[in-house]
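Report on the structure given below.
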Amino acid sequence: MNSTQPATKPHVVIAGGGTAGWMTAAALARKLGPLVRITLVESSDIPTIGVGEATIPPLRVFHQLLGINEAEFMRATSATFKLGIEFADFGQLNQRYIHSFGQTGQSSWLAEFIHFWREGLDRGIATDYGSYCLELEAAKANKFYTSAQNAPLNYAYHLDAGAYATFLKHISVQAGVNHVVDTIEQVTLNDTGHIDALQLRQNGNLHGDLFVDCTGFRARLLGESLDVGYEDWSHWLFCDRALAVQTELTPPLKPYTIASAHSAGWRWEIPLQHRMGNGFVYSSQYLDETTAHDTFTALLRNTPLQDVRSLQFTTGRRLKAWHKNCVAIGLSSGFVEPMESTSIHLIVMGITRLMQLFPYSGDYQHLQDEYNAQTQIELERIRDFIVLHYHVTQRDDSAFWRACKDMVIPDSLSERIELFKEHGHAFQKANELFRVDSWSQVMLGQGLLPKNWHPAAKMMSDEQLAGALKKGQMEISQRVAQLPDHEAFVAQYCGQNR
């Protein structure tokens with residue numbers, strides 16, 4: 001939409017279905033419906049990727065915003081609950097830790113809990129850091145509970161991405177979104193370089209004011225047609241391939257994702273109600289496709305339900321997520337890696353920013369600049385968090401892990417690592433996704449123990465410190481003991497047989 005157009009009800013054209021397209025359509029229709037006209041065009045002969053099945057807690061806020069009933073959504077998508085991610089063999093071989101969604105311990109205004117825990121560890125009166133986190137202990141015990149009135153745990157979901165897109169499609173169409181099934185033959189630009197129309201194979205020209213590119217890695221509009229460049233991050237994130245397959249479910253139904261490192265990357269296991277999602281992420285520089293396939297299939301715990309799918313990607317971001325009258329949302333705007341389940345979250349944030357900065361009229365250059373600045377900062381901070389999992393490691397058993405350990409990391413990450421290592425601080429920056437608890441859990445889990453910590457903790461006597469630590473631990477143990485089994489709760493709350 002350029003500044004020369006009249007201030008009429010803008011027509012938003014979404015190119016591409018899948019998770020990104022239908023999340024965008026549903027949100028715009030439900031929240032901006034009276035103000036905009038929405039058309040979504042998707043091709044029936046281009047399959048969606050649909051392998052990202054793990055999410056993080058902000059998705060719950062998005063669903064609340066759209067008025068989505070949780071149990072109904074979970075039943076439709078075969079979803080289970082997720083309290084975090086268990087990482088195996090990342091810091092070193094035969095070592096596991098959980099990055100949970102919960103708060104660890106009680107902090108004071110002077111210092112975070114980790115400083116008191118570190119003092120307790122130094123005195124020999126503290127136990128494992130995770131034992132002071134309710135969500136982490138509940139995950140280990142396979143326990144879970146929530147209700148409309150009481151959500152004692154901070155959680156997310158494992159879901160069937162294809163079913164999720166279908167679920168959102170119904171919401172979107174009911175809310176007035178015009179759904180067109182057709183193939184984009186060409187993108188037509190006007191004399192100012194803005195997109196004028198999508199030329200469709202069967203339906204001719206589809207004109208619009210604002211175009212949303214949800215065409216995946218290809219970025220058919222923003223990348224190919226508007227020629228927005230791509231910043232490659234593969235010198236920090238070496239993995240560029242993934243294999244994915246669904247298998248029969250492996251009991252018990254755990255309320256967390258499992259991420260297990262291998263010699264040239266890592267693999268995931270995501271439990272749904274009716275099957276297990278499995279993936280194998282690797283670097284083609286360190287592992288060939290045949291060996292990767294054979295290694296992956298040998299590690300599967302149960303019978304495959306389909307053929308193994310292969311994906312190629314380049315981690316990084318578009319230099320602009322919004323250029324002229326086109327906004328890229330989802331994979332078309334960038335891809336960090338699936339390790340911390342941020343793909344759907346980045347879709348949510350792209351949609352939220354678009355709704356907040358929507359260009360109803362006038363010159364929108366300043367809106368565009370703000371959108372791009374916020375997107376860049378968020379992606380870079382998530383990138384740093386992912387790189388942390390690779391770089392801070394004691395593994396030297398393969399060329400891949402030696403390269404990860406020895407690589408030159410972004411200055412922004414280096415500063416955070418040094419601040420934690422030297423002083424135990426893991427600050428959460430403004431509008432940053434991952435909190436102090438996330439940075440602390442992962443740094444400790446990867447083997448990084450602070451050398452120094454806040455002196456406030458040293459002022460406590462052994463009796464005071466031991467009493468405070470023990471009290472927190474006992475309260476968590478009691479609360480976990482009262483929680484129902486995760487699998488039983490899922491069956492009762494949102495089971496597909498209900």
Item to complete: Return yes when atom CZ of R479 has more than 12 non-hydrogen atoms of other residues, nucleotides or ligands closer than 6.0 Å, and no otherwise.
Response: no
Item to complete: Show your working on side chain to side chain donor-acceptor pair (under 3.5 Å) between T314 and D232 and close with a plain yes or no.
Response: CA-CA 7 Å; T314 301; D232 188 333; 5.2 Å; no
Item to complete: Identify the residue among W268, F280, Y282 that makes a ring pair (Phe, Tyr, Trp, His ring centres under 6.0 Å) with H262.
Response: F280
Discussion item. For E248, I'd like to know if atom CD has over 12 heavy atoms of other residues, nucleotides or ligands within 6.0 Å.
Written reply: yes
Fill in: Check: Y256 ring centre within less than 6.0 Å of F81 ring centre
no
Worksheet item: Centre of Y155's six-membered ring, under 6.0 Å away, within 45 degrees of the axis: is that where NZ or CZ of R60 sits?
Response: yes
Discussion item. Ignoring hydrogens and geometry beyond distance, is a side-chain donor-acceptor pair present between W233 and E380 at under 3.5 Å?
Written reply: no
Discussion item. With a 6.0 Å cut-off on the ring centroids, do Y164 and H63 count as close?
Written reply: yes
Practice prompt. Please tell me if the side chains of L210 and F358 come closer than 4.5 Å, counting only heavy atoms from C-beta onward.
Written response: yes
Fill in: Centroid-centroid under 6.0 Å between F385 and W439 rings
yes
Worksheet entry | Check: N205 and H207 side chains under 4.5 Å, non-hydrogen atoms | yes
Worksheet item: What is the distance from atom OG of S284 to atom CD of E289, rounded to the nearest 0.5 Å?
Response: 9.5 Å
Worksheet entry | Nearest heavy atoms of L388 and M443, plus distance in Å | CD2-CG, 3.9 Å
Item to complete: Could you please spell out the steps behind the side chain to side chain contact (heavy atoms under 4.5 Å, CB included) verdict for L206 and V13?
Response: CA-CA 8 Å; L206 175 61; V13 176; 3.6 Å; yes
